[in-house]
Amino acid sequence: MAMLEIDNLHAKIEGDEGREILKGLSLTVNPGEVHAIMGPNGSGKSTLSYILAGKEDYEVTDGSVTLDGEDLLEMEIDERAAKGVFLAFQYPIEVPGVATMTFLRAALNAQRRTRGEEEISTPDFLRLVKDKAGALGISQDMLRRGVNVGFSGGEKKRMEILQMAILEPKLCILDETDSGLDIDALKVVSEGVNALRSPDRGMIVITHYQRLLNHIVPDFVHVMNKGRIVRSGGKELALELEANGYAEYQQDAA
Amino acid sequence: MPAVQETVEQVRSIDVDQYKYGFFTDIESEKAAKGLTEETVRFISAKKGEPEWLLEWRLDAFRRWQTMQEPEWARVSYPRIDYQDLYYYAAPKAKEGPKSIDDIDPEILATYEKLGIPLRERDALLGIESTGGSKVAVDAVFDSVSVATTFKEELAKAGVIFMPISEAVREYPELVKKYLGSVVPVTDNFFATLNSAVFSDGSFVYVPKGVRCPMELSTYFRINERNTGQFERTLIIADEGAYVSYLEGCTAPMRDENQLHAAVVELVALADAEIKYSTVQNWYPGDKDGKGGIFNFVTKRGDCRGDRSKISWTQVETGSAITWKYPSCILRGDESRGEFYSIAISNGYQQVDSGTKMIHLGRNTTSRIIAKGIAAGHSDNTYRGLVSAHRKATGARNFTNCDSLLIGDKCGAHTVPYIESKNSSAQFEHEATTSKISEDQMFYCRQRGLSDEEATALIVNGFVKDVLQQLPMEFAVEAQKLISVSLEGSVG
Ligand SMILES: Nc1ncnc2c1ncn2[C@@H]1O[C@H](COP(=O)(O)OP(=O)(O)O)[C@@H](O)[C@H]1O
Ligand SMILES: [Mg+2]
């Protein structure tokens, strides 16, 4: 069974008459696969990731999404998270006054509780964070600071990957994780993501640029435009896009 | 015991120990009749076997109270209180006076358990050292009479006096006489005057010169009797160079009817002394529709009487239907310092009008105010503060920061800062913000697995962090939980 099955998804902004953002999008992700979604700005990539995560600003008007055969769209946001849906935000949100460490632990334990598992012990948690943070070059000082408060763009993205590493999701959605990263940071983040690739984990890597896909090599590449996937192929499709740009697809869909 | 013999015994005990007489023999009639008259005041005073001077003090207050009007300036509204329809004195039933933990009614202990008092405090109440190695002395006030006092010996060794104020009146009349009403005068305000007339009991603390109190002092105030006004009276004195940290915490069982609470707390810090007073207040706030709940009209004031003295108020206010409370500092001594750290949370139909007054009288006095108000549900949350500099208060400085957080769109947050400066060298700084929990923050937290309520609690805890840090460790943990509990039902 496919892990994630998106079928003919139509969606619009909640309360906004008329204009659809997603116009019949279909995508299947199996365990172990990494899918890249590329496309021009405004094509609906972030919208797709938000709808999968359950953000309330959108209204699904048609189609379906299942995760391991269950109706994902029926689930609460935190329920989806506990079932293994993780979204690395394009613009991570600040939560002032809440130490990153506290946040990580609250999130991990909340997910465990929802799944009926025991909470993690303090020593186990500290060990886990130390391990994963070290690999991502995240300092203890950063972990004590408020969530994303005063972090540079690169630090925020690394923190998203740290959260992903700690929460061990089933389905990782990375929304423009490469934006705002210099080449060194891009390497660190990509290594972090690659370390999480596994036969039972699926990934959707959203990016505008091919550059990221040199580091996180996808199994499939999809081109998205105006709310639809207009072409799918292997990793070589990314290179073609890099050479030719999106112009061809934008015309097609118009 | 034959009747004659008993009478003889009683007469003897009146001579030696008026208090015992009053307390022991009449214990079965624990309630004063409903209503407030001179008789009620005399009853209370007699009940406690008080000396003549204190009875006169109470009567004086009562007569003045009769001429006073209930204040109406606060941003709270509630049905008129019929002061003649309340009880002004209630004591828990007991066969014997409370001498040790064994004398405490098991029913009362059971109630403590039901209220969910953490083991730490129960241990403290039972006189057992807490697991953390630090000790907490509890002077438990159940309804109006103190029923348990612990750690007395260790405190006595340090020369610290910590006992029910009714006992202090007998054992240290000079100290009580000297300081009672010296910070909050009898006629200070309607509720304080009422308290002066009918105060039931409360804590008395005296820390002698140069002594650092060896433990945190803690009192639990409980309200358990239907229709019983609560009039606690607390007096804390830190003599020159002394230090004391006092914790006050409250919870209350469910109630249908509004209950009046009008406490008075007076703090006196002499030269180089420091008093830290922390409160966690969690009285019954009323039900979902705003029915019931405690009316909490409190007068708390500290007097930095000596040079370089310091008084710090920290409060976490989550309970009560109505809160009317302005813990204040009179900065009389030169270079004295006042601090006010507050978290006030309102949910449901709660109304909070709280803040502080920093009265700068001495030279180079400093004060700091950090107030965090959180309004949810249909509640109203007002910060009301006064910072003033007297003409002689050269070099006075204040920093005020008031932040309000709104949860939902049916609640209100208001900030009413008053600033008065009669000295041109005074420097007062004021910052204020009002914000909402953003949907983006909620989405982010929930995407990571937190429920609506967990996310709200986490964000709120972040918002109040600066104040939580001011609380003693073990209190901070509790307060954090309390914040989550009090915001339940505020979202979704
Ligand atoms: N919350 C929103 N309110 C209004 N318009 C939105 C909202 N989210 C997305 N859109 C619109 O939907 C389209 C797709 O946006 P988005 O999903 O962010 O695209 P991408 O991530 O591919 O750049 C854009 O035209 C954008 O302006
Ligand atoms: Mg986007």
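Order of the sequence lines sets the chain letters (A, B, ...), proteins ahead of strands, with each chain counted from 1.
- Ranking A:V98, A:I77, A:V147 against chain B, the residue ahead of the rest is A:I77, based on heavy-atom pairs under 4.5 Å.
- Scored by the salt bridge (Lys or Arg N to Asp or Glu O under 4.0 Å) test, A:D124 finds A:R127 as partners (sequence neighbours excluded).
- Residue A:G54 comes nearest to B:F443 through the heavy atom pair C-CE1, 4.1 Å, listed as atom of the first residue, atom of the second, then distance.
- Looking at A:L87, both its backbone and its side chain come within 4.5 Å of chain B, counting heavy atoms on both sides.
- When heavy atoms are compared at a cutoff of 4.5 Å, A:V85 approaches chain B by way of both its backbone and its side chain.
- For A:S152, the side chain to side chain contact (heavy atoms under 4.5 Å, CB included) test picks out A:E155, with sequence neighbours left out.
- When the side chain to side chain donor-acceptor pair (under 3.5 Å) test is applied to A:H208, no partner is found at least two apart in sequence or on another chain.
- Pairing each heavy atom of A:A110 with each of B:L450, the nearest pair is CB-CD2, 3.7 Å.
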So which N and O atoms of chain A and chain B form donor-acceptor pairs under 3.5 Å?
from	atom 1	to	atom 2	distance (Å)
A:E76	OE1	B:R446	NH2	2.9
A:D78	OD1	B:R446	NE	3.3
A:D78	OD1	B:R446	NH2	2.6
A:V85	O	B:Q447	NE2	2.9
A:L87	N	B:Q447	OE1	3.1
A:L87	O	B:R448	NH1	2.7
A:L87	O	B:R448	NH2	3.2
A:E94	O	B:Q441	NE2	3.0
A:Q111	NE2	B:R448	O	3.0
A:R113	NH2	B:E454	OE2	2.6
A:N148	ND2	B:Y444	OH	3.2
A:E160	OE1	B:R448	NH2	2.6
A:E160	OE2	B:Y444	OH	2.4
A:E160	OE2	B:R448	NH2	3.4
A:Q163	OE1	B:R448	NE	2.4
A:Q163	NE2	B:Y444	OH	3.1

